[in-house]
Every structure is written in C-alpha cells, then in structure tokens.
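Okay, structure first, notes after.
Keep in mind it's a predicted model, so treat the numbers as computed, not measured. Computed from heavy atoms alone, side chains included, the values below leave out hydrogens, waters and symmetry copies.
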Amino acid sequence: MGIGAIGNGIGTNDIIRTNSRRVLGEKFNYSLETVNSGSKVNEPLMSFSNPKTGESIEIHRSDVYAEDNPLYVLKGRTAEGDSFERTVHAWIIDPRNCDYSEMMVLNLETGNTSPADKARVDALFDSIVEKGKEDDEAAVTKYLDKADYSTAMKDVLDEYKKAGNWDSYLSMDKWQQSIKDYTSVPVYFNRDIMNNSSTIERNGVKGACSFASVKTAEDIMKEIDDRVKAAEKNGPTLREALANHCPNAKNMLYGMVGSSDVMTFDECVKYLEEQFKIMDEKAKSSLVG
C-alpha cells in the first residue's frame, strides 16, 4: 500500500487533557433525547463523507458536554442509506476497537483539528482497508466498521520508516502519541450511575454491572450472556474471557451496585466468580428440590 506524505502541521493542543483519574457521572447514561435538544448540537463541529460507500457523518457536541463529560452526538447516513443518531463518550473510545468517526472524536478531544490530522486518520483507514483484503472475515470497508486503529498506527509508521519518509513519520508519531496519552487514562465508574433498570437477575440472584460503553439494560444483559457463553464454549478462565472481550480492561475499572464506589478489574473478576458460584449452587439446590 502506498501512503502519501502528510504535512507537519500537527495542530495539537500544548496541553492534552490527561487527568490521572476520570470518573463517569450520571450524565454518562443520559438518553439521546436529553443531550440532543439544545443549541449546542445545531451546528456540527466536523462533517465528512465516504464517496465509495455513500456514508455521511456529522459530529456534534452534546448539550451536556463538559471537559469532565466529553459526550458527543453523531448524526448521519449509513452505507445502506439509513439515517442514524448516537452518542459517543470520548473517555471510553478504545483505538483498538473503534470506528473512523470515533477516531475523529478523539481528534477533536485532543485538539487535532487540522486537515493534516484528518489525513492521518484517513491513512489509518486506508491501511486497515488494504490489510482487510487479505482476510475476508476481518475486511473493513465502511467508516462505521469497527477496527484496530492502534495496530494501524504501527503499520503506517513502519511504512513511513521503510520509505525513509521521516517528516511524515515524525508528525504521525507525535499525533498518535497524543491519542495514546488521552485514551490511556483509567476510567472509573461511579455506582451512582446505575439504576434499577440495569439490574440483572439470573437464577434468582440479582446484581448489576456497568461496562465501558453506552448501552441499554438489554444490551448489557446480552453482552454478559455472550461473554459467559464464550467462556463456556472456548474454555478460558473468567479472567481470560473478560480480558479477551475487553482489551482495555486492565486500564478500566468497573462499578458494582452494593460495592464500594469503584472496583478494580481483579475485584470485578473475584466478584463475578463468587456470583456465578452462588448461582450454580442455587441451580443445583433447585434441581434437587
């Protein structure tokens, strides 16, 4: 894949907002209607389209946007011609599993708003598309397809290095470091953001878990079920299953209802193991009875 040169205009803020502790509050779970009704979302901060697929996307700042609550609203049209609107919280975007529009949100959050910065994301997307042609199952062709942009950063840098394109290499390296600095800050879940609608019951045992994503209670329930089924089918430990399905889990913390304000990944694994053990014992007792 041939990658053209990208200018040196980084356009990065002198100070990237990388606090040592980030805590998600209740605004994290606000409905789309709540954060998409005021003047802040009338004009897009950025818009782009994919002439090959017909996708068009606008990035808006939500009504409740703040430095400690960087919630955005994405609006646009999919490759299938369907209109869509969804929220994206910049803190929980993982470059190892995100789409093109989410990378653009990270550009906005880190002050990378120049045409050269957009070109850097374009270079990553082109690299991912080319690599996907070698593996049909992993093929990415659309802006809204999830992909590993973190690995693509390394691939593009390697190509610049091999080609001796040091200007583009240095500017891309500085840009990708600003993205890494922003996304590497641990995120804490405050248990106050959980409510009864997201409480899960299985075999008579109730509990609730907040995962690093804006999802409905039904989505959370399905994700937990899918992870448990994957663990049972493939045979990994609970720790391995969580780590595989949450590649950023070691840098994230999960809040549990009834627990202290925050819970580490290790504590989360231990808690779930105990809950599954209780569920199994209750199931066995039920069968005996």
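There is no side-chain donor-acceptor pair under 3.5 Å between Arg77 and Ser49. A donor-acceptor contact under 3.5 angstrom links the side chains of Glu109 and Tyr72, judged on distance only. Residues Gln177 and Asp173 bring no donor and acceptor atom of their side chains to less than 3.5 Å of each other.
Checked against a 6.0 Å centroid threshold, the rings of Tyr100 and Phe48 count as neighbours.
Formation of a donor-acceptor pair under 3.5 Å by the Asn69 side chain with backbone atoms of Val64 is found in this model. Without hydrogens or angle criteria, Ser184 side chain to Lys180 main chain gives a donor-acceptor distance under 3.5 Å. Checking side-chain atoms of Glu55 against main-chain N and O of Tyr143 turns up a donor-acceptor pair under 3.5 Å. Judged by distance alone, the side chain of Ser168 and the main-chain N or O of Asn165 form no donor-acceptor pair under 3.5 Å.
Put simply, OH on Tyr169 and NZ on Lys174 are 15.0 Å apart, with the number rounded to the nearest 0.5 Å. Between atom CE of residue Met104 and atom SG of residue Cys98 there is a gap of 11.0 Å, rounded to the nearest 0.5 Å.
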query = Does the side chain to side chain contact (heavy atoms under 4.5 Å, CB included) test come out yes or no for Glu58 and Met46, once each step is laid out?
reply = CA-CA 6 Å; Glu58 295 179 347; Met46 180 184 292; over 6 Å; no
Check step by step if side chain to side chain contact (heavy atoms under 4.5 Å, CB included) holds for Val73 and Leu32.
CA-CA 8 Å; Val73 177; Leu32 178 63; 4.1 Å; yes
(Q) Working note: Val105 + Leu74, criterion side chain to side chain contact (heavy atoms under 4.5 Å, CB included); need CA distance, chi angles, decisive distance, verdict. (A) CA-CA 9 Å; Val105 168; Leu74 301 185; 4.2 Å; yes
**OP:** Please report the C-alpha distance between Thr34 and Asp63 in whole Å, then the side-chain angles of each, then the deciding distance to 0.1 Å, and finally whether the side chain to side chain contact (heavy atoms under 4.5 Å, CB included) criterion is met.
**Re:** CA-CA 8 Å; Thr34 301; Asp63 292 343; over 6 Å; no
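The two residues Leu124 and Met172 make their nearest non-hydrogen contact at CD2-CE, 4.3 Å. In plain terms, the two heavy atoms of Ile93 and Glu102 that are nearest each other are CD1-O, 3.5 Å. The two residues Leu106 and Ala90 make their nearest non-hydrogen contact at CD2-O, 3.9 Å. Nearest heavy atom pair, residue Leu71 against residue Thr87, reads CD1-CB, 4.1 Å. Here the closest heavy-atom approach between residue Arg96 and residue Ser150 is recorded as CG-CB, 3.6 Å. Here the closest non-hydrogen pair linking Ser56 and Phe84 is O-CE2, 4.4 Å.
For the side-chain contact (heavy atoms from CB on, under 4.5 Å) test with Phe125, the passing option among Val121, Asp122, Val129 is Val129; the others fail. Exactly one residue among Thr183, Asp117, Asn107, Asn112 makes a side-chain contact (heavy atoms from CB on, under 4.5 Å) with Ser178. That residue is Asn112.
We find that Glu80 and Lys142 are joined by a salt bridge, their nearest charged nitrogen and carboxylate oxygen being less than 4.0 Å apart. Using a 4.0 Å cut-off between charged side-chain N and carboxylate O, Lys131 and Asp155 make a salt bridge. The pair Arg86-Asp99 meets the salt-bridge criterion, with a side-chain N (NZ, NE, NH1 or NH2) lying under 4.0 Å from an Asp/Glu carboxylate O. With salt bridges taken as basic N to acidic carboxylate O contacts below 4.0 Å, none links Asp158 and Lys154.
Counting heavy atoms of neighbouring residues, nucleotides and ligands inside a 6.0 Å radius, atom NZ of Lys52 does not exceed 12 of them.
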